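The structure appears below as structure tokens.
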Amino acid sequence: SLVTPIIPQARELIRVNSTSISLDLGAWKDGSCPITSLVVEYKLKLESQWTLVSNNIKFEQVEFLVLDLNPETWYTLRMTAHNSAGSSVVQLDFVTLTATGATVPPDLIVNSSYGDGRFYNEPGIIVSLVAGVIIIIAASI
């Protein structure tokens with residue numbers, strides 16, 4: 001029986017830098033039919049407009065880079081893998097590293113929420129964000 005491509009775990013697929021991400025194409029498993037092509041798109045997490053990076057990446061390529069991202073910024077990656085059985089889509093949120101290559105502090109990381117609520121409607125999250133920013137400013141002084 002034909003099986004569409006098997007979606008990889010996020011930690012196997014994506015490596016994040018300050019201004020780019022590296023995608024490990026080998027993290028995709030082909031099911032029973034070879035993967036013929038991959039599509040990579042991204043967007044700012046809270047925006048609706050996708051940016052197409054490539055719509056015909058060959059699976060033989062080991063690594064694929066997405067460049068020109070902004071440091072300390074939340075994005076959503078959408079990747080579609082095609083084979084003769086059909087296609088599979090993975091969509092995941094990530095935050096780029098700071099300009100110095102540090103990870104964004106956990107109190108600034110907001111879990112994905114699907115639905116109507118934007119994270120800035122939650123008073124607890126705003127307080128955490130403000131506190132985190134104050135700590136970062138204080139530490140850099």
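Keep in mind the model is a prediction, meaning the values are calculated, not measured.
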(message) Please report the interatomic distance OG(Ser87) to CD1(Ile35), rounded to the nearest 0.5 Å.
(response) 11.0 Å
(request) Please check if any side-chain donor atom of Asp93 sits under 3.5 Å from a side-chain acceptor atom of Thr76, or the reverse. (result) yes
Please list every donor-acceptor pair under 3.5 Å in which a side-chain atom of residues 21-28 meets a protein atom from a residue at least two apart or in another chain.
from, atom 1, to, atom 2, distance (Å)
Ser22, OG, Glu63, OE2, 2.6
Asp24, OD1, Gly26, N, 3.0

(message) According to side chain to side chain contact (heavy atoms under 4.5 Å, CB included), who are the partners of Ser48, at least two apart in sequence or on a separate chain?
(response) none
(message) Within the structure provided, determine whether Leu97 and Glu72 are in side-chain contact (heavy-atom separation under 4.5 Å).
(response) no
(request) Check for a donor-acceptor pair, side chain of Thr100 on one end and backbone N or O of Thr98 on the other, with a separation under 3.5 Å. (result) no
(request) Applying side-chain hydrogen bond (donor to acceptor under 3.5 Å, both in side chains), name anything that partners Thr4, two or more places apart in sequence or on another chain. (result) Ser88
(request) Indicate yes or no for a side-chain donor-acceptor contact from Ser32 to the backbone of Val3 under 3.5 Å, with no hydrogens or angles considered. (result) yes
(request) State plainly whether one hydrophobic cluster holds both Val66 and Val39, where clusters connect Ile, Leu, Val, Met, Phe, Trp and Tyr through side-chain heavy atoms under 4.5 angstrom apart. (result) no
(request) Quick one: pull up CD in Glu12 and NZ in Lys29 and give me the separation to the nearest 0.5 Å. (result) 6.5 Å
(message) With heavy-atom distances below 4.5 Å as the criterion, would you say the side chains of Arg78 and Gln91 are in contact?
(response) yes
(request) Quick one: name the residues clustered hydrophobically with Leu65, using the 4.5 Å side-chain heavy-atom rule over I, L, V, M, F, W, Y, and just say none if it's on its own. (result) Leu67
(message) If I compare all heavy atoms of Pro5 with all of Gly86, which pair ends up nearest, and what's the gap?
(response) CD-O, 4.0 Å
(request) Heavy atoms only: give me the nearest Ala10-Leu92 pair and the separation to one decimal. (result) CB-CD2, 3.8 Å
(request) Specify the closest pair of heavy atoms between Thr73 and Leu44, including all atoms of both residues, with the distance to one decimal. (result) CG2-CD2, 3.5 Å
(message) For a quick test of reading the model, state the closest non-hydrogen atom pair linking Ile57 to Ser54 and the distance between them.
(response) CG1-OG, 3.3 Å
(request) Indicate yes or no: at least one non-hydrogen side-chain atom of Leu38 is less than 4.5 angstrom from one of Thr80. (result) no
(message) I want to check something: taking the side chain as every heavy atom from C-beta on, are Phe59 and Ser37 in contact at a cut-off of under 4.5 Å?
(response) no
(request) Could you tell me which residues satisfy ring-ring contact (aromatic ring centres under 6.0 Å, His included) with Tyr75, sequence neighbours excluded, listed by chain and number? (result) Tyr42, Phe94
(message) Rounded to the nearest 0.5 Å, what separates atom CG in Leu13 from atom CZ in Arg11?
(response) 11.5 Å
(request) May I ask whether Met79 and Val53 are part of the same hydrophobic cluster, defined by side-chain heavy atoms of I, L, V, M, F, W, Y residues being less than 4.5 angstrom apart, directly or through others? (result) yes
(request) With the side chain counted from C-beta on, respond yes when Val40 and Leu77 share a heavy-atom pair under 4.5 Å apart, and no when they do not. (result) yes
(message) Any side-chain to backbone donor/acceptor pair from Lys43 onto Lys45? Under 3.5 Å, distance only.
(response) yes
(request) Measure from the side-chain N and O atoms of Asn17 to the backbone N and O of Gly101, and report whether any donor-acceptor pair falls under 3.5 Å. (result) no
(message) For Asn70, is there any backbone N or O sitting under 3.5 Å from a side-chain donor or acceptor partner on Thr19?
(response) no
(request) Quick one: list whatever passes side-chain hydrogen bond (donor to acceptor under 3.5 Å, both in side chains) with Lys58, sequence neighbours left out. (result) Asn56
